[in-house]
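Keep in mind it's a predicted model, so treat the numbers as computed, not measured. Remember, it's 1-based here, ligands and their atoms both numbered in the order they're listed.
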Amino acid sequence: MIAFLAPSALSLSRLAVLVHLLAIPSTSSFWFANIKRQGKIPYGNSNTSYNIFRNVKDYGAIGDGVTDDTIAINNAISDGNRCGLGCDSSTTSPAIVYFPAGTYAVSTPIIMYYMTQMVGDPTHMPTLLALPNFQGIGVLDADRYLPYGINWYTNQNNFYRQVRNFVIDITRVDLGYAHGIHWQVAQATSLQNIVFNMRTDGQDDGTNKQEGIFMDNGSGGLLEDLVFNGGGICAFFGNQQFTTRNLTFNNCATAVFQNWGWVWAYKSFTFNNCQIGIDITQGGSVVTAGSVILQDSVFNNVQTGILTTFSTNSTPVSGGTTVVDNVDFTGASVAIAFPNGTTILPGGSHVQSWVQGRVYSAFYAQEQVGNLTCYLPQANSARIQQTVGPPPKPLALLTANGTIVERGKPQYEDVELSAFISVKDHNAKGDGVTDDTAAIQAIFDNAQPGQIIYFDHGAYVISSTVNVPKDIKIQGEIWPMIMALGSSPAFSDPNNPQPVFRIGQPGDVGTIEITELVFETLGPAPGAILTEWNLAGTTPGAAAMWDTHWRIGGSAGTNLQSDRCTKAPGVIHGANSTCIGAFLLLHVAQTGSVLMANNWGWVADHELDLQDHDQIDIYNGRGALIESEGGGVWMYGTSFEHSMLYNYQIANAKNVYMGVIQSETAYMQNNPNALTPSTPSSSFSDPDFGWCSPVVYTCPKTWGLRIYNSTYIFNYGAGLYSFFNNYDQGCLLTESCQEFMVSVEESEAVYLYALSTKAATTMLSIDEVAIVPESENEDSFCQTVAIFEYP
Ligand SMILES: *[C@@H]1O[C@H](CO)[C@@H](O)[C@H](O)[C@H]1NC(C)=O
Ligand SMILES: *[C@@H]1O[C@H](CO)[C@@H](O)[C@H](O)[C@H]1NC(C)=O
Ligand SMILES: *[C@@H]1O[C@H](CO)[C@@H](O)[C@H](O)[C@H]1NC(C)=O
Ligand SMILES: *[C@@H]1O[C@H](CO)[C@@H](O)[C@H](O)[C@H]1NC(C)=O
Ligand SMILES: *[C@@H]1O[C@H](CO)[C@@H](O)[C@H](O)[C@H]1NC(C)=O
Ligand SMILES: *[C@@H]1O[C@H](CO)[C@@H](O)[C@H](O)[C@H]1NC(C)=O
Ligand SMILES: *[C@@H]1O[C@H](CO)[C@@H](O)[C@H](O)[C@H]1NC(C)=O
Ligand SMILES: *[C@@H]1O[C@H](CO)[C@@H](O)[C@H](O)[C@H]1NC(C)=O
């Protein structure tokens, strides 16, 4: 019938637009589109008419698939004097940019300013369509390039971003060069629920250069629930470390190209009809990728699962360390191969555990010291490229089919708007000054089943413990801040620390979902435990926290900024009491069980808001303490940085799964060292560094990871870095900024995969005895071990 409608190209495309427009609902049932927007910026932004929430249609975007919406969308993002070129960072101009259903055509990149969330309607996913004349680095650009490779934002400081619920379509663009997203980002960033549509021609002769994600550098982060269709390289990954989960690759030439990296975890990937699954050949026999983990994944109709150049002779010795854990290669012709076509591991089967890299198997051995018989920890080690025995994963951590439990961030797209209870509608001020403790406690106490407590953007000052009951859901609006008031008696005594948010009472079993909060201190709060988690989930993962962070100092409103806490490496000093942070950021207590994803516990090493962006000294006692006794802890994409005693401590715990964990030792150490200002407390199982030699000043430094009195601890990927001695990087020349990084004490059933440390002379010790030296584990940047196991 179409022939009767004068089928010129023009009218056909008009018809297509018309049909398309008729299919778009004029209103959305998505609560996010309709909720009353009353969030306000509490600190550091004097513009009282500033809009946090922007609907691109209010800025003139048409979304008809034909009109070029680039300018309108970019206006929606940049409106209000936000943090763009020359700004570097700011927490005082956040923006949510919302896209209703529609097809938004663009001809140049959509430029994501700092602290922007781009959110599409998940009930009718909007499409971002690159027009045939599209020019630029990507349909979305998270970090603009200037000439000479200079960026708007320092790539490893490009924090606080989200993109979710989009179809990104580059099928109309030339084969030669086009990217869906230029994602050059760092911590507290995520991509979720995005479909990348790319061309499928030119895959056989290599002329298809289309890429879904182009990630050139940075430090992150989490990617989840992504689908890639077509393309030359579906995901081009180069970044220090990342956790990625639930990615599906359909009809890609190469699904993943690992350009470089220190440690990357790939969890629950599905590869369908691809030539190559993961390509880790960059650099040839001088491998640029540090380590890669592929876990709980499936290949269907794939020619080569993994391509690698790790071999007997490749360098550095640990470069290209690869861990394969529960991967179904039944649908791969070849599971693992060299680029010259030589098979390393044949396809056609389900592989429980395979590694390339150095493995350490630790045990206690009898030794004769003079006339004394001693038992001392030791380890056998070898550099291997082969199938190995699988670890004894406890059922408590697994799903019915043997994969590690996982759960994406909820978006509540099927929940009625009326279920959302705004805290600002119920007496909380969120103005950064008023004490909101009683108002928030009352809101939690009155919450009904099925309701979602909505924290409008703001800063909520808390002066004593808030008890968060079980069976509750909390959703923040672009990272509202929970401010522990340091001057309150509850949070000022390090000898009697108190929780700020206590999640469930000890022994409680129930459900809880917390999404998008930031915990901070308002001034020094040496007696504050910012989050204490007692609740166990009714089912694995039913007690969970996503995109929720801790940020101590370095930002507006904290009273811990560069105007009073700037570093002072030139003088020997203690911990200035005006620059102390909290006692502990996160405590998962004995009865607690939690699934966490994309959580960053950052003791600020530099200023985000004041113009100088100087490095600062904040003395925060402890990072994350996990004491869960067996119900299960799952940590996806977490990072704890710059606390004094430790960043991660697992104590008296059982059944803990960690995807990539990342930490950095406090930069000012050893001026002062880890023991200042905290007094180690036995009730928190603190390390006391008692065995450090007094002459080795690099010994009492932040533990990256300490495992004490614990069993069944599984870590799939660690990047634990020490970059300084009192801000001096000279120690990097000899890779000796720190003596020890990981301590395993009085524990067993400890399995660490792709353990990467930076500049720690001893990577790991057992019961105070050095076991894994860095010297034999050199990698492109870090030092890396494929497996450390201590059964
Ligand atoms: C204040 O914010 C509004 C809306 O975000 C913006 O249009 C306006 O230009 C801003 N004013 C100033 C002075 O930056
Ligand atoms: C980031 O990656 C780009 C592209 O590969 C490169 O040009 C740039 O120099 C890198 N920046 C840094 C700081 O490494
Ligand atoms: C994986 O992502 C898809 C969307 O891409 C989603 O529908 C599915 O529920 C996700 N599965 C898990 C286990 O997160
Ligand atoms: C686990 O089960 C899910 C759903 O039944 C299936 O999609 C997935 O392929 C399985 N994973 C593995 C690694 O067997
Ligand atoms: C292929 O490459 C590997 C690793 O470099 C090497 O050991 C092997 O001999 C090569 N095979 C052929 C047939 O060249
Ligand atoms: C063990 O040797 C020490 C000196 O090295 C000596 O003092 C002690 O008496 C010896 N003990 C036994 C039981 O022989
Ligand atoms: C602590 O910091 C404050 C604010 O910068 C400063 O005035 C004071 O002199 C410092 N105290 C010491 C002992 O360095
Ligand atoms: C070790 O942890 C268990 C719980 O798993 C606890 O009962 C015991 O008291 C702990 N021991 C020490 C010395 O802390």
[X] and [Y]: which non-hydrogen atoms are nearest, and at how many Å?
X      : Y      : value
Ile280 : Thr309 : O-OG1, 3.7 Å
Thr200 : Gly230 : CG2-CA, 3.7 Å
Leu398 : Gly402 : CD2-O, 3.7 Å

What's the shortest distance from [atom] to any protein heavy atom, and which residue and atom give it?
atom                   : answer
atom 1 (C) of ligand 5 : Asn340 ND2, 1.5 Å
atom 3 (C) of ligand 5 : Phe338 CD1, 3.5 Å
atom 7 (O) of ligand 8 : Glu629 OE2, 4.9 Å

| query | Within the structure, does Asn246 bring an N/O atom to less than 3.5 angstrom of an N/O atom in ligand 3? | reply |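 Yes, since at least one N or O of Asn246 sits under 3.5 Å from an N or O of ligand 3.
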ask   = What do you reckon, does Arg245 have a nitrogen or oxygen under 3.5 Å from a nitrogen or oxygen of ligand 3?
value =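 For ligand 3, there is an N or O atom that lies under 3.5 Å from one belonging to Arg245.
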Report yes or no: do Tyr648 and Thr638 form a side-chain donor-acceptor pair below 3.5 Å?
->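 Yes, because at least one side-chain N or O of Tyr648 sits under 3.5 Å from a partner of the opposite role on Thr638.
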Worksheet entry | Nearest candidate to atom 13 (C) of ligand 5, where distance is taken over non-hydrogen atoms, out of Thr308, Thr343, Thr312, Thr342 |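 Considering heavy atoms of Thr308, Thr343, Thr312, Thr342, the nearest to atom 13 (C) of ligand 5 sits in Thr342.
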- Query: For atom 10 (C) of ligand 8, which candidate among Thr711, Asn652, Asn709 holds the nearest heavy atom?
  - Reply: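 Considering heavy atoms of Thr711, Asn652, Asn709, the nearest to atom 10 (C) of ligand 8 sits in Asn709.
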Practice task
For ligand 3, note which part of Val227 has a heavy atom under 4.0 Å away: side chain, backbone, both or neither.
Solution key: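 Side chain only.
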Exercise. Please work out whether any backbone atom (N, CA, C, O) or any side-chain heavy atom from C-beta onward of Glu224 is under 4.0 Å from ligand 3, and answer side chain, backbone, both or neither.
Key: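 Neither; no heavy atom under 4.0 Å.
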Testing Glu224, Glu516, Glu413 one by one against Arg164 for a salt bridge (charged side-chain N to carboxylate O under 4.0 Å, His left out), which residue passes?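 Going through the options one by one, the only one that passes is Glu516.
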Take the angle between the ring planes of Trp703 and Trp691 and call it parallel below 30°, perpendicular above 60°, tilted in between.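 Judged by the thresholds at 30° and 60°, the geometry between Trp703 and Trp691 is parallel.
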- prompt: For Glu746 and ligand 8, does the shortest N/O to N/O distance drop below 3.5 Å?
  reply: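 N/O-N/O distance under 3.5 Å: no.
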(message) Between Phe684 and Leu645, does the side-chain contact (heavy atoms from CB on, under 4.5 Å) criterion hold? Intermediate values first, please.
(response) CA-CA 12 Å; Phe684 286 86; Leu645 286 171; over 6 Å; no
